[in-house]
Amino acid sequence: MQIPEVSSKVQNNIQLMFIDKPIEADATTDIIYMMCPMHLLIIDQKTKELKVGQILAVLTDYDGALEDIPAWCIKTGNEFLGVYEAEDHYKFYVRKLIEKSCIYKET
Amino acid sequence: MKEIYMDHVATNPLHPEALEAMLPYFKEHFGNPLSLYEPGIKAREAIENARASTASLINAKANEIIFTSSGAESNNFALKGIAFANQNKGKHIIISKIEHHSILNSARFLEKSGFAVTYLPVDKYGVIDPAIVEKAITKETILISIIHASPEIGTIEPIAEIGKIARQKGIIFHTDAVASVGNIPVDIQPLNADLLSFAAHQFYGPKGAGALYLREGTRIVPLIYGGIQEGGRRAGTENVPAIVGMGKAAELAKRDLQKRINHVKSLRDKLISNALKVEKVYLTGHPEQRLPGHASFVVEYIEGEAMLLLLAGKGIYAASGSACSSKALKASPVLISIGTPAHLAQGSVVFTLSEGTTEEEINYFNEVFPQIINQLRKISPFAKGWGDMEDKTCTPRK
């Protein structure tokens, strides 16, 4: 998969975040073929279901996630563990660090 | 003049309870389900309740239901969405020759986009042999889509067996159950289907509301991109009243299904046995394995459209087969597929009953229908025989 152009601000960070092999996750969510902002909604929703310390894998082919998921982690105080480049999609790994990470209103 | 509606496979009147449930969502609960304030929350809750009862009708999980605008949209979504999501695995799709146009034309579109499509034959009753499905599978096959029940000839297909084959081979399986959900019991679990299309107006819900069942974990490419509605899989502000109406109609269909089946089946059998007493009237579709309120015939020497006009003159509303074939006066591809000779296929007529159909109405119909056939045969140029017009090339299928 070709890495798309992203803003220079996060480009260097993203390059460093690619990992060589998948990580064992506690939960996996597959949103391949879904577009913005499903990756942000789903990560928000799925981390709510995890315990602190657990790892979520997000499978997506949406390029915008390369910027958005690390940014979401910074904003919400969760740990971005890296992104693995599979054949036709990305696997993003996020470790839940705080109990309340929701940036959307709870309903 | 009394009016007798016998075209329930075309559509149905809205159930009064469904209408009642819908009304507040046109007026006071007008909010956008995505809005975070109270009116939005009300609308969102209503959609999720409707999703739960719609899912329950086919024994699915609520998160496996995607609301659409119609059965046709669900069928388009299923075929294109699964084909594009799996094109890296293979580019072969299997459907039957008796699919609805929303499947047939989606398949034709996919052919133009580089996919290969196998159109499976059916027997003289319109039944698809699961063994033929199995034979058609190649290493490239990514999707099988077979109609659950034909709205044109009423035949119910062996979907569970076909689904089992697809499951064993690891191929995604879709069934178009628009004519069957709400008319016969449909339980998604034994069917082994990964996707299933259905529409609200087939079971007294509103028009403009359909659903696609998508088994949890199945990837699909959206038809409509935009917002996050339906989990990002079908964008566009939801038709909240229609979805609420579908949910209510699904709840009622689940509750009343057996009662509805028993009612229409006995009336349907009475209609069929009476019609078959008329000379050269033939039942199309399977004699037993058919939709309970469905009676379809070909009547020799006269045209379906002519029968419909005279029946309408007597207040009886029916159909001559698929709407597309009827408009273009072409022989129906479904009737041709079951081996009906072209000269007979023109005489197609379909009657579909509902829980509102009465014994009195069927008695009236049984009196009028043979009269109309006789009346038309008197003026038919073919009444003394087909002559050169007979289609001798067609051998009925076994």
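By convention in this document, chain letters (A, B, ...) are assigned in the order of the sequence lines, proteins followed by strands, and residues within each chain are numbered from 1. These numbers were taken from a predicted model, which means no experiment stands behind them.
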I'd like to know whether [atom1] of [X] has more than 12 heavy-atom contacts from other residues, nucleotides or ligands below 6.0 angstrom.
X	atom1	value
B/Glu20	CD	no
B/Lys164	NZ	no
B/Lys42	NZ	no
B/Gln189	CD	yes

- Query: Is the shortest heavy-atom distance from the side chain of B/Arg219 to the side chain of A/Leu59 under 4.5 Å?
  - Reply: yes
- What heavy-atom pair brings A/Tyr33 and B/Pro222 nearest, and what distance separates the two atoms? O-CD, 3.3 Å
- Message: For the CD atom of A/Glu87 and the CG atom of B/Asn88, what is their distance to the nearest 0.5 Å?
- Response: 7.0 Å
- Item | Separation between CD1 of B/Ile220 and CD1 of A/Ile32, rounded to the nearest 0.5 Å | 14.0 Å
